[in-house]
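A quick write-up on the structure given underneath.
Positions are given from 1 along the sequence.
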Amino acid sequence: MNDKYERIRTPWKQRLRELQFRGVPVLVFLAVSAVVFYLWNQRVHAPDFVGKVVGKKTVITAPERGRWMNFRYSRFDRVDKGDLLGEIVTTDTSLVDAWLGVIRQ
């Protein structure tokens, strides 16, 4: 340009005001976005969870020896008192004792 015109300097107060109106909103937006992204990754989880269920244990007894067959329930199914759980197939204990006697000799 021509050297005969003197350059008009912008006062510092005006420069700070421009920075306030242009730069601060961008910085605030970026900072809030970073905080939201961090919190989203740290705190928000899927609406389900993985856990361990511990059920009550009980002892099932029978009046005779035998094998438990045809079990009708799977893990953590609700079972009420008196429900039929399965069948016990009895075996002749004298036959098993004879087999064990042969094995022991």
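- Phe37 contributes atom CZ, which lies 10.0 Å from atom CD of Gln42 (distance to the nearest 0.5 angstrom).
- Across Gly86 and Arg72, no two heavy atoms sit closer than the pair CA-NH1, 4.0 Å.
- Across every non-hydrogen atom of Leu85 and Trp68, the tightest pair is CB-CZ2, 4.1 Å.
- Between Arg15 and Thr10, the shortest heavy-atom contact is NE-O, 3.7 Å.
- Across every non-hydrogen atom of Gln20 and Val24, the tightest pair is O-CB, 3.5 Å.
- Environment of CZ in Phe71: crowded, with over 12 heavy atoms of neighbouring residues, nucleotides or ligands closer than 6.0 Å.
- Rounded to the nearest 0.5 angstrom, Leu84 CG and Asn70 CG are separated by 9.5 Å.
- Linking Ile, Leu, Val, Met, Phe, Trp and Tyr residues whenever their side-chain heavy atoms come within less than 4.5 Å leaves Val35 and Val32 in two separate clusters.
- In terms of heavy atoms, Val89 sits closest to Met69 at CG2-CG, 3.5 Å.
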